[in-house]
There are 2 protein chains.
Amino acid sequence: MSNPNPAPTLRDVAEAAGVHTATASRALNPKTRQQISAETARRVMRAAQALGYQPNSAARSLKTSRSSTVGLVIPDLTNPLFPPIVRGVESVLESDGYNVWIVNTDNDDERERAQIESLRSRQVEGLIVATARLEHPLLRRLHQQGVTMVLINRQVEDLSIPAVTGDDATGVAAAVDHLVRLGHTRIAHLSGPLTTSTGRVRAQAFRHAVRDHGLPDDLVIECARWSEEDGATAMRELLAGEAQFTAIMAGNDLIALGCYDVFAERGISCPDDVSVIGFNDMPFLDKLRPPLTTVAVPHHELGAEAARMLLDCIDQPARPARSLLLPVTLVVRGSTAAPRS
Amino acid sequence: MSNPNPAPTLRDVAEAAGVHTATASRALNPKTRQQISAETARRVMRAAQALGYQPNSAARSLKTSRSSTVGLVIPDLTNPLFPPIVRGVESVLESDGYNVWIVNTDNDDERERAQIESLRSRQVEGLIVATARLEHPLLRRLHQQGVTMVLINRQVEDLSIPAVTGDDATGVAAAVDHLVRLGHTRIAHLSGPLTTSTGRVRAQAFRHAVRDHGLPDDLVIECARWSEEDGATAMRELLAGEAQFTAIMAGNDLIALGCYDVFAERGISCPDDVSVIGFNDMPFLDKLRPPLTTVAVPHHELGAEAARMLLDCIDQPARPARSLLLPVTLVVRGSTAAPRS
DNA sequence: TTGTATGCGTTATCAG
DNA sequence: CTGATAACGCATACAA
């Protein structure tokens, strides 16, 4: 901020209270306040109040080599899936005295590197990372360097880094069951990028689920990104192919919305001609035309659990990595129905 | 982060390169690099690279009393209106060497106070604030204390603080014109909270616009918050009243969605029975049933302009406050049609 | 209970 | 061009 009146320092407070800086420091810190007389403490605190004193956290963090800050690395804040995660993380960490620094990588490797570097230079005490890919040299390197870190929503290949995710496999199985029960026998999957754990796990779960029902598992198309646009592209590709199908399991809600776009474009009616299921249950899906059947992931909970796990990791650095899987639930709406024929 | 191998300091780099810390510092800082020989600079930079040196920004900021950080204060990140603003802000500030610290106030005064306090203790060089209310003692006090600050989306009462907002009045006028041209003569307004400038400006613009068309301006109900739930409450209240109406100008898209909820509840058909217009053009409105007619606000631009304005304010602290109004555009979709009768 | 002294890692100001 | 030195604001070990 600017400085017509430069910010008061601890020294100003101490002078105003007629004590030494060390005493003032102790008076202002709840953990050391007991060491000094109640009377002095009161005087110091009053002086601090009067001057509008704000401790300089750079100085504090330099001295204590603690920042009371953790970094939260998000691929794209405009994807409605992430804000609830942010809130969940904040709800736990802030009540524990931490501040959360959110950075947006825009799904760009170089930005991610720069942002994480910036967080590290600010001595964050840990990282919650939502940008993991199965192969992720940067995260692997940081982890080896001993950076305290918890993954959220997505994992790396070998589960060597602690992570909190939704139980995608069960969610996909429930979705496929629902379609099969409606009578569908030709189900396609428009998967997310198979470079991400969510993409791969959901695609594998899809194959297993349809096979378990004795159905063909070859109708899988991979989207390059988790976006409406790429969902539409995949949908067009599916339509261009020979294969018949009456239902689509989309890798996530955005991909499902891409399907909606193509339906509108081609005059396909959902759910009359084709049923669709999304994944995540992002906001406002109940108001779509038709309302989208999807798998609800408890994103706020995911964030809160990741934050708790990070706190544990900070407290016990030697703690072995674990993966926490949170239950998901199928939400049936209007985009699924029995096949026409 | 944890420290199996404590982070290398400038001193480590200097030793590895066989120079003094001061020299190493100059070599690593692009602005002072010219002061030293190319050969030495190269040696230092190589050493830094090899050690994985990250400057400790707490130490730097303590010494320089600059943080290269600005704070961004958001009322609620899960409102889809804000992520694009965040991106716009980041796009400008990050290319200018600043980092952006986003905080969420949850529309809670106490949280806002605590969050801003925390930002200040981190010596942020300026604030971009999206939580303004017309009466806002906290912001007013900060401004008087000389805190560099730009408001976004909303203003305070007397425009004494620089601000970037959408041209709400023109947007509302265009929306009302559209309804009148369709033949509506009884138009209601479900306004946002009149404690916010957006709520009040839109409500005033609504009254002016309908009066300009010779229509009654008394059908205005205020929502307590900018939410779907409060929109629904206001809609029920409107229906419970005596007044006839065939169209609704909602204070924003969320309030309009609340109307949709009540329509579903009461079997009212939109746009056959009632037309609705929202405000903001948040994502996915085109996929609602029916697609929502709304006023598009260029949120990314708003963020970018606010960031530019903040940079100007940081450079020239004496600069008088100005308000920048960005143009908005009516987006006609399926929620508006000619009245039935 | 309070005061004194020191150093966190960096950069700015001097000398050389 | 480079090195020595001091200081940013705070917290803490130690002394009183």
Side-chain angles (χ1 to χ4, degrees), chain A residues 1 3 6-45 47-48 51-69 97 118 120-125, chain B residues 1 3 6-45 47-48 51-69 120-125:
Chain A
M1 317 224 175
N3 47 2
T9 75
L10 188 57
R11 192 164 162 173
D12 299 323
V13 175
E15 273 175 18
V19 296
H20 257 262
T21 58
T23 308
S25 172
R26 287 186 276 246
L28 261 16
N29 185 332
K31 301 194 116 175
T32 50
R33 188 170 299 153
Q34 33 170 29
Q35 299 173 18
I36 66 177
S37 78
E39 159 58 16
T40 311
R42 211 173 4 251
R43 223 170 51 238
V44 172
M45 294 174 69
L51 292 175
Y53 169 71
Q54 294 281 1
N56 180 322
S57 67
R60 170 178 292 169
S61 133
L62 182 58
K63 180 64 188 165
T64 60
S65 64
R66 293 202 47 204
S67 62
S68 296
T69 301
S118 164
R120 294 199 68 195
S121 83
R122 290 188 150 80
Q123 319 293 118
V124 297
E125 293 176 34
Chain B
M1 318 225 177
N3 46 4
T9 77
L10 187 58
R11 192 165 162 171
D12 299 324
V13 175
E15 271 175 21
V19 296
H20 196 266
T21 57
T23 307
S25 171
R26 287 186 277 246
L28 262 16
N29 185 331
K31 300 195 117 177
T32 51
R33 189 171 300 153
Q34 32 167 30
Q35 299 174 17
I36 66 177
S37 77
E39 160 57 14
T40 310
R42 208 171 8 250
R43 222 170 54 237
V44 172
M45 293 173 70
L51 293 175
Y53 170 72
Q54 294 282 1
N56 180 323
S57 67
R60 171 178 291 168
S61 138
L62 180 58
K63 181 63 187 168
T64 60
S65 64
R66 293 202 48 205
S67 63
S68 294
T69 301
R120 295 199 69 195
S121 82
R122 291 188 149 79
Q123 319 293 117
V124 298
E125 293 177 34

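Here is how names work: the chains are called A, B, and so on, in the same order as the sequence lines, proteins then strands, and each is numbered from 1.
By the side chain to side chain donor-acceptor pair (under 3.5 Å) test, B:T40 is found to be paired with B:S37, residues two or more places apart in sequence or in another chain being considered. Taking A:S25 as the reference, A:L10 meet the side chain to side chain contact (heavy atoms under 4.5 Å, CB included) condition, with sequence neighbours excluded. Residues that satisfy the side chain to side chain contact (heavy atoms under 4.5 Å, CB included) test with A:H20, not counting sequence neighbours, are A:T23. In terms of the side chain to side chain donor-acceptor pair (under 3.5 Å) criterion, B:S65 has no residue partners (sequence neighbours excluded). Checked against side chain to side chain donor-acceptor pair (under 3.5 Å), B:S68 has no partners two or more places apart in sequence or in another chain. Evaluation of the salt bridge (charged side-chain N to carboxylate O under 4.0 Å, His left out) rule for A:R66 yields A:E125 as partners, not counting sequence neighbours.
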Only distances under 3.5 Å count here; give the side-chain donor-acceptor pairs of residues 27-36 of chain B to other protein atoms, sequence neighbours excluded, each with its distance to 0.1 Å.
unit_1	atom_1	unit_2	atom_2	d
B:N29	OD1	B:K31	N	2.8
B:T32	OG1	B:R26	O	3.0
B:T32	OG1	B:N29	O	3.2
B:R33	NE	B:A27	O	2.7
B:R33	NH2	B:L28	O	3.3

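Taking five base pairs at each end of the helix from C:dT1-D:dA16 to C:dG16-D:dC1 and finding the rotation axis that steps the C1' atoms of four pairs onto the next four gives two axes whose angle is 40°, to the nearest 10°.
From the 5' end on, the contacts that DNA chain D makes with chain B at under 4.0 Å to a non-hydrogen atom open and close at D:dC1 to D:dG9.
Contacts classified as salt bridge (Lys or Arg N to Asp or Glu O under 4.0 Å) and involving residues 34-43 of chain A (residues at least two apart or in different chains) are given here: A:E39-A:R42, A:E39-A:R43.
Note that CZ of A:R122 and OG of B:S57 are 4.5 Å apart. Values are rounded to the nearest 0.5 Å.
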All N/O pairs under 3.5 Å across the protein-nucleotides 9-13 of chain C interface:
unit_1	atom_1	unit_2	atom_2	d
C:dG9	N2	B:A59	O	3.4
C:dT10	OP1	B:Y53	OH	2.5
C:dT10	OP1	B:N56	N	3.1
C:dT10	OP2	B:L10	N	2.4
C:dT11	OP1	B:R60	NE	2.8
C:dT11	OP1	B:R60	NH2	3.1
C:dT11	OP2	B:S25	OG	2.8
C:dT11	O2	B:K63	NZ	3.4
C:dT13	O4	B:R26	NH1	3.4

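A heavy-atom distance below 4.5 Å is found between the side chains of A:Q123 and B:N56.
Nucleic acid contact for B:T40: sugar-phosphate only, since backbone atoms but no base atoms lie under 4.0 Å from a heavy atom of the residue.
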